[in-house]
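First the structure, in the form of structure tokens, and then the observations on it.
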Amino acid sequence: MTSIILVVATRLVFPLMLMFSLFLLLRGHDAPGGGFVGGLMAASAFALYAFATSVTRARDALRRSTFRLIGVGLLFAFVSGLPGLFAGSPFLKALWTSAELPVIGKLSSVLLFDTGVLLVVVGVTLTIVFAMAEADEEEEE
Amino acid sequence: MEVALAVVIGALYAAGLYMMLRRSMVKLIAGLVLLGYASNLLIFVVSRLTRARPPLVPEGAQGIAEPFADPVPQALILTAIVIGFGLQAFALVLVRRAYQAVNNDDLDQVTASDRPDLQR
Amino acid sequence: MLPILIPFLMAILSIINWGNRVLHRFLALAGSVGLLFAALALLTTVSEQGILSSNIGDWPAPYGIVLVADLPGAIMVLMAAIVGLAVLVYSTACMDEACERFGYYPLILILLMGMCGAFLTGDLFNLYVWFEIMLIASFALLALGGSRAQLEGSVKYFALNLLVSAFFLTGIGFLYGMTGSLNMAALAQALRAAGPEQPVTTVAIFFMIAFGIKAAMFPLYFWLPASYHTPPVPVSAIFAGLLTKVGVYAMIRVFTLLFVQDTEWTHGLLLAGAALTMLSGVLGAVARREIRRILSFNIISHIGYIVLGLALYRPLALAGAWLYMIHHVIVMATLFLVSGIVQRVGGSFRLARLGGLYQGHPGLALLFLLPALALSGVPPLSGFWPKLVLLQAMLQDGLWLVAATALLVSLLTLFSMMRIWVGAFWSQAPQNVATPGPLANVERRMLYGPVLALTALTIAISVFAGPAFELTQRAAQQLLDPQQYIVAVLGESP
């Protein structure tokens, strides 16, 4: 069952939600926000898309398998810990570069870690949501 | 506020334990969820409550004025909630599968692993 | 640090390449070999230089999360690495395709990572997190395959373990409320300074219950024999060898480092619990007729021995307990793996349907007999020495009744193991039972190789019991002298 209102609204809201997720991620270091909420926001965008169309369409829109998202996210987090290790201090030591970039602010290993968190959260949440929604769709058929 | 929260925590523990002692599998999970909430709330309360004082350094300031809310228990609870979320999602799937296998919600029927005649 | 990172990296790579079974196998084996080397390196460093500690993210000790490697922890990491490698080699031969596709290897790697984390962490909440990581991996492993018995076993295991988490979390909450810290070294200081008005013992009981369920102590063990015999054999083996030991390890850690205010009461309770655990476990084992169920009950009774060492709370007993732990991890994993081979060649786990295996497989019979005798503590095998040490410690304290129980339990263990031996190997083969086809050559090597290696290790521990005991004695000294631990974590000035 799909309602036209939901479909039209989703088309408008979906990109906005993704933008907002990115905003939350970048804002995260000194203000409330960060990878976790950003990831939840992005995941809910895809979940909304799945409800408005179908799980298969949402999977296509995601383009990658959810497992791969989790894996890549974990890899990001893992790699973000390495520079500290090579610089002679313990694992996960936060390192900051002095380069100021527009919008993003200071580039740091923390940002990489947060991006990893975002990807993992999106992956895990969507794995669960898709699995449950697919079970539902099967039962309806 | 502390007293009210203490009562709530006690009620949550009691309700969770009561649900766990029922015979239904779904109620078992619900009970475990309530128990998890109770312990999260407990961590929140034992670290003393501070109102409207987020542990964030305001822009331009060097530090924050006392008293401010203790950030550690909040981080602990966040972690515990996330972990609990994952576990509960898994629990639901598991119970659903178990329900399909046993075809019964009654925990007293869940005895196959103790009866060799029902195994391979 | 490395023992956690290596399995983590391999697990990540396997998740990225989800569904590629060959690559999964390769990554898992590479990961466990790497883990083994890292663990060996860690153990030698720790035994030479004393306790190491590393602050994650470089946040100073009482605020950030600390990883601490002392001798007891490093020994356990090595055990985890050894058993992990053996189980992974074994499972390349006997896991079916469906399990492998559902991520069997990444899950084992995550489980190993969780264990190493739990052995090395110096922060109570971090310990909780590692516990949950292990839990999630172990739930998934337990339910993998999805037969009815397995699902039911996992429901029980699951419910009990969520309850553990709630207890553990509640205990952590109270501790934080009392002391304002969760760093174990800082907690050790704060709790030693705590006055009698603080409810330290009450909190201790929370932890005792939580870890008691995890470690399958009396009267909280009933979930273990209901679930451990249901999953595929390698999973049983890694659970039996390591998972309950993590509970015991955590118990020993908190009851030597943190809760030593009222030893008469808490450790007295532990002593009674340990004695009853031994007795009830072995009685359960004697009453069963299925190999893996007998073994499950034997795990419980031997957990009792280890906790006994903690309850006595003296250097000799703790050293004995640690030696027992090493021996038990290896022997239990071996026995479960052997039971898998028995099932493969004999077609069943039930003694009534087995028999006469000695004729066709004398080597297998020997491989079962050796660890079985070691488990029951027949001299001069590895189980004998820690039992001797524990007995000495008990007699020094004049605990005749407990000592008598321990001896009786050894005897009954021997009886239950001999029942498997007679039922599966020595007796007449039953009629009309179809036996599966013979093993392929590669399969045989993959199945027997790890078992042979672990058995050789058991024998090595028996032969070199002296040096091994020396090592565990030093471990016990570190456990009983928290000052070393505190200084290593927090620095010189208290």
Side-chain angles (χ1 to χ4, degrees), chain B residues 9 12-13 16-17 20 25 28-29 31-48 70-73 75-77 79-84 86-91 93-103 107 109-120, chain C residues 63 124-126 128-129 131-133 135-136 139-140 142-143 146-163 165-178 180-182 206 222-223 225-230 288-290 293 343 347-350 352-353:
Chain B
I9 292 169
L12 276 176
Y13 270 112
L17 281 177
M20 284 191 69
M25 261 196 263
L28 174 76
I29 301 293
L32 287 169
V33 172
L34 286 182
L35 223 55
Y37 288 160
S39 33
N40 285 343
L41 212 55
L42 181 99
I43 296 184
F44 183 58
V45 175
V46 287
S47 61
R48 283 149 202 85
D70 189 348
V72 178
L76 300 188
I77 295 168
T79 318
I81 288 176
V82 173
I83 292 174
L87 285 176
Q88 284 152 18
F90 187 82
V93 176
L94 183 69
V95 164
R96 189 162 180 267
R97 293 281 305 279
Y99 174 76
Q100 283 167 347
V102 184
N103 222 349
L107 278 173
Q109 305 294 319
V110 185
T111 49
S113 65
D114 292 323
R115 278 161 53 196
D117 51 306
L118 284 180
Q119 287 169 31
R120 286 160 275 172
Chain C
Y63 306 109
L124 214 49
F125 191 78
N126 199 228
Y128 166 79
V129 174
F131 261 50
E132 301 302 300
I133 289 175
L135 265 189
I136 292 191
F139 288 152
L142 204 56
S147 70
R148 176 171 170 182
Q150 252 181 301
L151 285 173
E152 295 187 0
S154 357
V155 169
K156 291 167 193 169
Y157 179 77
F158 191 85
L160 254 297
N161 276 297
L162 276 188
L163 193 64
S165 306
F167 269 112
F168 194 2
L169 213 52
T170 312
I172 288 177
F174 277 125
L175 266 188
Y176 186 79
M178 274 191 317
S181 173
L182 286 173
F206 269 109
F222 43 82
W223 58 269
S227 57
Y228 267 26
H229 63 98
T230 55
R288 302 296 143 170
R289 293 285 184 285
E290 205 250 68
R293 292 173 69 82
Q343 195 257 355
S348 175
F349 287 113
R350 292 172 63 189
R353 294 210 193 135

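Chain identifiers are assigned alphabetically (A, B, ...) following the order of the sequence lines, protein sequences preceding nucleic acid strands; residue numbering begins at 1 within each chain.
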_If I measure from the heavy atoms of chain C, does Leu42(B) come under 4.5 Å with its side chain, its backbone, both, or neither?_
side chain
*At a heavy-atom separation under 4.5 Å, does Leu76(B) approach chain C through its side chain, its backbone, both, or neither?*
both
*Which value, rounded to the nearest 0.5 Å, describes the distance between Thr170(C) atom OG1 and Leu41(B) atom CG?*
11.0 Å
*Could you tell me the separation between the CZ atom of Phe131(C) and the CD1 atom of Ile83(B), rounded to the nearest 0.5 Å?*
12.5 Å
*Quick one: list whatever passes ring pair (Phe, Tyr, Trp, His ring centres under 6.0 Å) with Tyr13(B), sequence neighbours left out.*
none
*asked:* List the residues meeting ring pair (Phe, Tyr, Trp, His ring centres under 6.0 Å) with Phe125(C), not counting sequence neighbours, and say none if there are none.
replied: Tyr128(C)
*Within a radius of less than 6.0 Å around CZ of Phe206(C), do more than 12 heavy atoms belonging to other residues, nucleotides or ligands occur?*
yes
*When you look at CZ of Phe44(B), are more than 12 heavy atoms from neighbouring residues, nucleotides or ligands closer to it than 6.0 Å?*
no
*Which atoms form the tightest heavy-atom contact between Gly173(C) and Ile43(B), and what is the distance?*
CA-CG1, 3.7 Å
*Please name the pair of heavy atoms, one in Leu163(C) and one in Leu32(B), separated by the smallest distance, quoted to 0.1 Å.*
N-CD2, 3.9 Å
*Can you check whether Phe139(C) reaches Leu87(B) side chain to side chain, under 4.5 Å on heavy atoms?*
yes
